[in-house]
Amino acid sequence: MNEERFIVKFISVKNCFVYIPNNWLQRLTTQNGAIKLSYDNKEYFVSHEKSKSSGNDYLCISPTFGKCLDIKEGNEIFATWIFDPPVLTSIIVTPINYSDWEIVRLQADKIQSIMLNQINIVTPNQIIVIWLSKYLNIKLLVDSINPKFLYGKLENYTEVHVQDSPSKTTSNNTIEKIINSFNLNDKKNTDNNIDLNIYKKEKLNFIFRVCKTPKFEYLIDDDKINCELNSPHNIFIQKLELKKLFSHQDSFENTFVKIKKIHYIDKQNENVNLTLSNDNDNFDDVEIDDTVRILSIDDFLNDTIAENNFFGNIWIPELLRKKLGLQLGSKIKLEPLDVIEDPVKAIKLITSINSPLNRSKFENYIKKYSENYEILLTSGTKIYIDDEIFCITKFTDEENKYILLNKPKLQQLKITINNEEFKSKNLIIKNGKEKIEDMINMKNIYHTIFQEIFEECHMIINLSFDRNFFSYNRENILICGDIGTGKSTICKLLKQQFESYPKNIYTRFIDCKKLKGKKSEIIYKLLNSILNECVYYQPSIIFFDDLESIINYSSDSDENSPDAINQWKISDAIVKLLTSYQSRYLICCISSCTDVLKLGTELRSSRGVQFFRTIIKIPTIKTSDRIEFYKLLLKNKLTIDDNIDWQYFGIKTEGWVAQDLVDLAEKTVFFVWKSNLKTTKSNSELYLMNDNLTLALEKSKALSLHGVSLYSNKENSWSNIGGLDDVKKILIQLLQWPLIYPELYLNSPTKHQPGILLYGMPGTGKTIIAGAIANECGLNFINIKGPELLSKYIGASEESVRKIFIKAQLAKPCVLFFDEFDSFAPRRGHDSTGVTDRVVNQLLTQFDGVEGRDGVAIVAATSRPDLLDPALLRPGRLDKSIYCPLPNELEREKILQTLCKSQSINTNNLDLTKISKLTNGFTGADLNAILTQAKLDSLEKIWSKTTAPIDKQNFNDITITQDGLINAFELTQPSLSTIDVIKYNNIYKKFSNGNNFIDEILNNQKSTLA
């Protein structure tokens, strides 16, 4: 909002808010903001409330707070509204004088309950006032804020560091400021309470955010320092933080601290069952207290890596982190420790009966982690030798506290080992191990997706705290893809990547399949509890895997049904809760689903703004990527032969998703092992040969084809079809060549999406030649029956057409065959109901829509091309029309030979040439009818001579004579009369010449209600 002028007016209030006129407040689009006050070339940032004044020109403020800002009543001041101030993670304040410091120490609980009710916005070098009663207040100077913005907003969980105030006799300029910490920690979300802990010890206390130690690829010298970074006796912070913590020291090699955890407590949702998600989050009920060596992380990393880490992080090795029950983002407190080594002569190691330990294992452990620095042990220290073996150290002299150990010192100690029964649970959390190799392979395939998500999340989480922007509207990410495309694996790999160094982001993975069927109230409580955790551990990322499992929108479902209402409530809860938390905290949401349309309007749009602004569609895996991925899956399992036909593999796996390839790889290993077991010794090396791959492909089926009915008839082939040689050649060029020479068509400037119309008189073989396409070209074949598409209900026919093309995309490469095409795609305007008109419109959009139909060839067959809508025959649709003529004499002979061969008829005693001359005007179907009639006549003669049953085999062995064939010809009439043939020939002649049959249309025009 633009800057506006007001007059300052003092009113009797006890807070640091300014009160603005109601008419000014009503013009704001949101109440989440701050106000910048400009006065006398100075700028202040303050919180706001509704006006308590009578006029619209006044800006009201407490006189005490106004005097702290050097603002007087009656001054002219300018106010500017600022939207969405950034949320602060921590601030440092100093009491103005010693008496204020004493009040802070004595009234910590009081300040905790009222602070957020009196102040929301702070800025460095600006004073804030806290009223403890009507006549008592304290003044605090804001020294700095984190992140380092120009101003920021206090919220629950904001950490506050109070610097010691000057004593009665020492000035501000000479006193050493000692940082004591307290934490703004929301224990009840509905209240504005603050957990204020002012530590009254003289020792220093710092609060840090837990991160993982970096992996070896970031290190300068892997062999030398990798062990130190993984030692459970070391922790690491940046050198500048180390100098702050130990300002009196010059060297930090022998510096030790005590770790204490600031616990996360969610009283509001403590009864929520968090095991519904698949994370192993444990919150200990005991105080964590361990002693470790603290080192500078800068000494172990490259300069560029170290510079990219913001302050406030502490790096803890995984073994120590799990031992202490610390998650990424946990808040811990460090207390410096003065270590005076005691002369310990003997150590007792207490171990579990089920955890075998000997002196050799303990010595190897000490040797491993004490090559550069000695290990600090205290009496009662719990040491994990590995994930299974642990022990507790006990000193023989109970007065001794510390001992520094290395291998030489260990040799001088007396070590005894006692086995005891432990009732306490092992603190080591064993996370489920994913197939990391497969996940890495997925990253290689979807490298672009990972790169895009990382860039988006970098801005969303706003990891660069030193940037000069104050807020960023969260852009939640949605990953869409069909079943088996690797959505869950991508999310798990992203989770792993975000948790690792240098990002160190706390993640929460929610498997929505486990929440399917749960009531909205349960999911609301669970989500609210998880979001509270994410606030504590922020910056955080929440993963919703298979989100449609709990919000499955369907256009056919009843909006008033209990399930639909429950899903609407869940959608509304997700939008409201996440939007509310993301406006204040560093929380990002990454979700996965099969289709964004299944999420419903609540998640697709929220108040005019898309909830998921970044939607990433998982692309189809390219042929080269499928081959590479398949080889990676077989790595270390099989030796791949150099003569593998990868071109055949690429053709057969067109349209396959990642899960299909994983299943194929497992099946391939099984077939190779099975073949190897039969021929050679079971322990010999396994080789993948071309035959093994072919067999595995034949036995495998893509996930997308499950539930899709495909036409399958292996008997249909070019050799089983007599005649139509020219038609076969054209079909081979249009359908088979693109598969044999994919590179040629891939580099072609035009897209190859064949659309073929087969037309000819009934019985000329249009349908059977279309069925042979699938077997000859290695394509899936979907046969569409026209009447099944038509429905009297509005919209049902168009939906049927859409579903057919969706199936075709899932089954690609495939041929979509429409038989009797004229029955459901006639010229528009000839149907009084308008059903076929809408079907034609839908077909037109599917044939050459903007989405394209790569990998789907369309073949339509009709006897009446004149009845088809001309728009269907334009280029890019059914642009290739192939005529299937009546067979001539030579073709009829070939058809008879093919039919006799397929029906096991002995032709040695038959003169098929004579029959072909007699059957002028017969179609292929008519010739088949002659053979069928001849076999029936022979069968009738056999029945008249015997009473024995005749089975199918006897029927196939029936002998047909020439006389029987002639008699069958005389009993069979051609299906097309001479008049029919003349009529069809006239139609085809006009059609081939480009006649659009305008005269016939005008003579037979009908109205349409569409």
Side-chain angles (χ1 to χ4, degrees), residues 213 216 219 221-236 251-259 288-296 299-300 315-324 336-422 424 426-428:
T213 51
F216 65 89
L219 306 182
D221 189 344
D222 300 346
D223 298 332
K224 182 179 179 181
I225 62 178
N226 189 47
C227 185
E228 292 299 330
L229 282 170
N230 292 321
S231 172
H233 301 278
N234 297 336
I235 61 173
F236 307 87
S251 175
F252 308 106
E253 290 187 355
N254 292 310
T255 304
F256 301 92
V257 293
K258 184 176 288 188
I259 299 178
I288 292 174
D289 194 338
D290 205 1
T291 305
V292 293
R293 183 189 302 271
I294 186 167
L295 298 169
S296 170
D299 297 335
F300 294 85
W315 289 266
I316 298 181
E318 184 175 9
L319 195 60
L320 177 61
R321 186 170 51 82
K322 289 183 177 180
K323 170 188 171 183
L324 301 179
L337 189 66
D338 295 329
V339 175
I340 301 177
E341 187 176 4
D342 295 319
V344 178
K345 296 181 180 181
I347 296 179
K348 181 189 295 185
L349 302 179
I350 303 174
T351 184
S352 172
I353 296 175
N354 301 321
S355 178
L357 176 67
N358 53 43
R359 182 184 177 99
S360 176
K361 290 182 179 180
F362 183 73
E363 287 180 350
N364 292 335
Y365 175 86
I366 298 297
K367 178 184 176 182
K368 178 180 179 181
Y369 294 118
S370 64
E371 290 188 2
N372 298 322
Y373 301 102
E374 293 178 326
I375 294 176
L376 175 68
L377 296 182
T378 62
S379 184
T381 300
K382 194 170 187 178
I383 299 176
Y384 285 89
I385 307 301
D386 55 31
D387 286 355
E388 300 292 338
I389 302 175
F390 69 93
C391 65
I392 297 176
T393 60
K394 292 290 185 181
F395 299 160
T396 54
D397 189 348
E398 295 182 357
E399 295 182 358
N400 295 339
K401 293 184 178 180
Y402 308 109
I403 182 174
L404 291 169
L405 269 186
N406 55 20
K407 187 177 180 182
K409 289 184 178 181
L410 187 63
Q411 301 296 331
Q412 302 173 8
L413 291 178
K414 179 183 177 181
I415 298 177
T416 57
I417 300 176
N418 291 352
N419 294 326
E420 296 183 4
E421 187 72 31
F422 284 92
S424 59
N426 192 334
L427 288 180
I428 295 294

Exercise. Heavy-atom distance under 4.5 Å between the side chains of I383 and L377, does that happen here?
Worked result: yes
For this session: With sequence neighbours excluded, give me every salt bridge (charged side-chain N to carboxylate O under 4.0 Å, His left out) pair touching residues 360-371.
Result: R359-E363
Seminar exercise, completed: Between the OG1 atom in T213 and the CG atom in L320, the distance rounded to the nearest 0.5 Å is 10.0 Å
Seminar exercise, completed: Taking every heavy atom of L357 against every heavy atom of C391, the minimum-distance pair comes out as CD2-CB, 3.6 Å
Problem set entry | Candidates I350, I415, T381 - the one meeting side chain to side chain contact (heavy atoms under 4.5 Å, CB included) with T393 | T381
Exercise. To the nearest 0.5 Å, what is the distance between CG (D290) and OG1 (T378)?
Worked result: 7.0 Å
Problem set entry | For F362, ring-ring contact (aromatic ring centres under 6.0 Å, His included) partners two or more places apart | none
Seminar exercise, completed: In this structure, CG of N418 is separated from NZ of K394 (nearest 0.5 Å) by 11.5 Å
Seminar exercise, completed: Rounded to the nearest 0.5 Å, the CD1 atom of I385 sits from the OH atom of Y365 at a distance of 6.0 Å
For this session: List the atom of S231, the atom of P317, and the distance in Å for their closest heavy-atom pair.
Result: O-CG, 3.0 Å
Exercise. For E228 and F236, which heavy atoms make the closest approach, and how far apart are they?
Worked result: O-CZ, 3.4 Å
Problem set entry | Donor-acceptor contact present, side-chain K323 to main-chain K382, <3.5 Å | yes
Exercise. Rounded to the nearest 0.5 Å, how far does CG of L376 lie from OG1 of T255?
Worked result: 11.5 Å
Exercise. Do the side chains of L405 and I347 get nearer than 4.5 Å, heavy atoms only?
Worked result: yes
For this session: Identify, with sequence neighbours excluded, every residue that meets side-chain contact (heavy atoms from CB on, under 4.5 Å) alongside S296.
Result: K239, L242, D298, D299
Problem set entry | Stepwise side chain to side chain contact (heavy atoms under 4.5 Å, CB included) test for L404 and F256 | CA-CA 11 Å; L404 291 169; F256 301 92; 3.6 Å; yes
Problem set entry | K348 side, atom NZ; F395 side, atom CZ - distance, nearest 0.5 Å | 13.0 Å
Problem set entry | Residue pair Y402 / L337: nearest heavy atoms and the distance that separates them | OH-CD1, 3.4 Å
Exercise. Do side-chain atoms of T291 reach the backbone of K258 as a donor and acceptor pair under 3.5 angstrom?
Worked result: no
